[in-house]
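Every chain is numbered from 1 and lettered A, B, ... according to where its sequence line falls, protein lines coming before strand lines.
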Amino acid sequence: MRRIMLWIYLHFPHLLLDQIRRCRPPEAPLVITDGQRQTVLQACPAALQQGIHPGMRLKTALTLCAELEILCSDRHREHQLLEDQARWLYRHASPVSLCPPDGVLAEIGSLERLYGGLPAVWQTLEQTLEDRQLTAWLATGHTPLAARLLARSGQGECTPDKARMEQALARLPLPLAEFDSATLKRLERLGLSRLGEVFSLPAAELARRLTPEVLAHTQKIRGTRADPRQSWQPPHTFRQQVDFLQEIEQTQGLLFPLQRLLNELEEDLCWHQKDTDCLLLVLKHRHHEPTRIRIRTSGPEHRASTFLNLIRLRLEQHSLKAPVAALILAVRRFLDYQPAGGSDLLGESQDLNEAWHTLISRLQARLGEQALQQLAPQGDHRPERAWTARPVTLTNKPRPEQSQALPARPFWLLQGPAPLDQVPETWLSGPERISGGWWDGQRVQRDYYIARLSGGQLAWLFRDLNGGWFVHGLFG
Amino acid sequence: MNDALNTLMQDSRIWQGHKQVRNRHPAESTGYTALDNQLGGTGWPRGALTECLLDAPGIGELQLVLPLVRQLSHEGKCVFWLNPPHTPYAPAMARGGVDLERIIMVHPQSHSDLLWTLENCLRSPVTGLVLAWPGKLASRDIRRLQLAAEAGSNICILFRDREFAGHSSPAALRLELTAGSHQDLKINILKRRGGWPGQRCTLSLQRTETAPVSRTPAAHGARAASQP
């Protein structure tokens, strides 16, 4: 049975505007202008109320509203935003394809059964749009182009009925049908004003009198010619950006937008069933190199609250070198989500594991990773090399069998051997000769003694080859 | 007269010996019977601060806490070492039977970081013991730490200079440590919650096998080092 293809198109009339408005409480009217700051491209509702409308010259707009906030449009940024939208749409529908600069297309014919009917799909999408405070014009269509034209005309509706959609298309004014301007002019000169009138022209005549491309376009709209779309795949990274109109000068001010980003990250991680242990926070400045802050957790994590706490600690330690113009949160490393396992009925052992990660992450976030260390013995005869320090990790490996056969060693090892500045009170044991290191050029030949110093300390002394006396450790 | 006495008895400012509640805080044995006996048969108080006051590191203070560290590390509890004056020597601890996986060294940069770390470690359920060398502490800070230790029911041992012995402190247990004439440690209990201070005991710590020095270790050499 041939499956009926049904497409839904989401047209975002002012994506950049929405993005900015959802990151900050609305203040002054806001417009987005083109690159040369000549024409208004998008205007927020407050600006629309003042009489400003897209297409108006910026100078005119400024005379209408003096405290207008102005932002230049940015191709690259808009594409990123569009990908963000595709990212969440991908959770609800597949395949998804991008229609830059402001549209996303998805096939929903196959989802009817999953959601239990087309209205349910529609409702889900509208609900999500509302949650994300986005303005989008939706339309279903029997072909990708039909969905697109209907959505962009703002007359889209939720219907699987092909005849109804064709009627709506036929009523569409020609300027909205996306012919190139020369074709549009010729069609208008022919006295046509609606798309339906173009549809009723004989195909051969249309190709001969106009161009074959025009015919192809109309056929694609009607579905008599294939219109393959490239399916979009979500990237395996997470990257979100917030732009600030007014630069942020205090780290406290970053927490509010961060909260939203982290919530989105949590949602994203949950959808992918992934965890992460490393976040990258990039603070963009207007005149300085961006500040990069790397936040590590000591174990896999996906909860926004945990990340926020760690970031808060890090930011408390961090003073901004310049006001922040934009904030980027990026995650590149994903770990498979580890379901809680091995916990007892009351979940106590799991809790402790988690508490351990929380505590260590907190300490590392505030003190820096190098401030926490774990020690381990190392196989070398030279005392200064007989131990190592490494970053803290939680290991549950079985303990190596402790041997009493290890020689007597002091609990305290001094940073480096310190010259002996007194005559020890009593000599207790020695000498123990330690000789080694000829293999790596760090030659050591020492005679070690244990002696009591005048302060009552038990010291580990040695005499080197030159007859110099040093304290190397204390029996604490 | 009787009336006046009764009102006086109800005054909360009057301390009444016979009404004293025996406050039996849970405690961990120190591993030394002599010291446990002096501490009322208990040991290191849980959920409270202990101060060890000593002149210089190296008189046997680690040997004193070693049994506790060993026990807690084997129970899977974390033992934090904050700002130790020297490097704790891993081979010696391994020899002492300590599970090094549970030992975490923390070196905070500043004093405020140190206090913050102490408080966080003390409040966490994963912690068993915090050993800290905090240096100077305001009485207010100690009280804060005391509350944190109570909240986490953890043992916290602060090693401080003996000059602080004369200062008052809200710590539950204060021990003054001095080196004995042989390999022993003299402990003077300056303060003990729910008990009288002033007990003394001497622990003989077998810190090294005193194999007699086989040959006199060139004593003149050592003397030469002392006279530059």
Side-chain angles (χ1 to χ4, degrees), chain A residues 351-352 355-356 358-360 362-363 366-368 371-378 383 386-389 392 395 397 399 402-404 406 408-415 419-424 427-431 447 449-450 452 455-459 461 463 467-469 473-476, chain B residues 55-63 66 74 76 78 84-97 99-101 103-109 113 116-117 120-121 124-127 178-181 183 207-219 221-226:
Chain A
D351 266 351
L352 273 189
W356 191 90
T358 315
L359 176 65
I360 299 296
R362 269 176 77 80
L363 297 183
R366 166 133 178 188
L367 307 172
L372 269 73
Q373 288 179 337
Q374 270 178 318
L375 306 177
Q378 184 170 274
W387 66 281
T388 52
V392 177
T395 51
K397 63 180 178 192
R399 287 183 283 278
Q402 303 297 347
S403 156
Q404 285 291 322
L406 292 166
R409 289 288 178 260
F411 276 119
W412 291 127
L413 191 74
L414 303 194
Q415 283 284 314
L420 178 68
D421 56 358
Q422 55 178 303
V423 182
W427 296 89
L428 295 171
S429 79
D447 287 340
Y449 295 87
I450 298 171
R452 211 182 111 96
Q457 295 162 294
L458 216 57
L461 312 172
R463 185 170 64 166
W469 284 90
L474 296 169
F475 287 81
Chain B
D55 280 327
I59 59 167
E61 74 279 10
L62 292 189
Q63 194 74 39
L66 180 69
H74 282 273
C78 276
H86 304 295
T87 312
Y89 196 42
M93 287 205 278
R95 185 175 190 264
D99 180 5
L100 284 167
E101 293 294 326
I103 307 290
I104 295 175
M105 301 288 139
V106 189
H107 294 276
Q109 298 282 327
D113 277 353
W116 180 87
T117 311
N120 273 282
C121 290
S124 172
V126 291
T127 312
T178 43
S181 51
Q183 287 189 49
R207 283 186 277 174
T208 61
E209 299 84 15
T210 38
V213 178
S214 54
R215 59 188 164 86
T216 321
R223 208 164 291 132
S226 65

Point to revise | Residue part contacting chain A, namely of T127(B), when any heavy atom lies under 4.5 Å | key: side chain
Check your understanding: Hey, are the side chains of T87(B) and Q415(A) touching, using non-hydrogen atoms and a 4.5 Å cut-off?
Key -> yes
**Study point:** Structural part of I104(B) lying under 4.5 Å from a heavy atom of chain A
**Key:** both
Review point. Residues two or more places apart in sequence or in another chain: which of them pass side chain to side chain contact (heavy atoms under 4.5 Å, CB included) with T117(B)?
Key: L363(A), L367(A), L82(B), V106(B), P108(B), C121(B)
Study note, to complete from the structure: For R362(A) and W116(B), the nearest pair of non-hydrogen atoms, with its separation, is O-CH2, 3.5 Å
Check your understanding: Closest approach of P377(A) and L100(B), non-hydrogen atoms and distance?
Key -> CD-CD1, 3.4 Å
Exercise for review: Output the option from I360(A), L375(A), T358(A) having the highest count of non-hydrogen pairs under 4.5 Å with chain B.
Suggested key: L375(A)
Review point. Looking only at heavy atoms, which two atoms of Q374(A) and E101(B) are closest? And how far apart?
Key: NE2-O, 2.6 Å
Study note, to complete from the structure: Value for CD1 (I59(B)) from CZ (R452(A)), rounded to nearest 0.5 Å, stands at 10.0 Å
Point to revise | Nearest atoms (heavy-atom pairs only) where P91(B) meets W387(A) | key: CD-CB, 4.1 Å
Study note, to complete from the structure: Answer key: most heavy-atom pairs under 4.5 Å with chain B among P410(A), G455(A), A389(A) is P410(A)
Revision key, fill the gap. Applying a strict 4.5 Å limit to non-hydrogen atoms, the region of D55(B) in contact with chain A is neither
Review point. What distance do E61(B) atom CD and Q457(A) atom CD have between them, rounded to the nearest 0.5 Å?
Key: 8.5 Å
Point to revise | Non-neighbouring partners of P85(B) that pass side chain to side chain contact (heavy atoms under 4.5 Å, CB included), sequence neighbours left out | key: W412(A), P57(B), W133(B)
Check your understanding: Is chain B contacted by the side chain of L461(A), its backbone, both, or neither, given a heavy-atom distance below 4.5 Å?
Key -> neither
Review point. Got a donor-acceptor contact below 3.5 angstrom from the Y89(B) side chain to the A386(A) backbone?
Key: no
Review point. Would you say Q63(B) and F475(A) make side-chain contact, with heavy atoms under 4.5 Å?
Key: no
Check your understanding: Is it the side chain or the backbone of A376(A) that comes within 4.5 Å of chain B heavy atoms, both, or neither?
Key -> backbone
Review point. Just wondering, more than 12 heavy atoms not from Q378(A) lying within 6.0 Å of its CD?
Key: yes
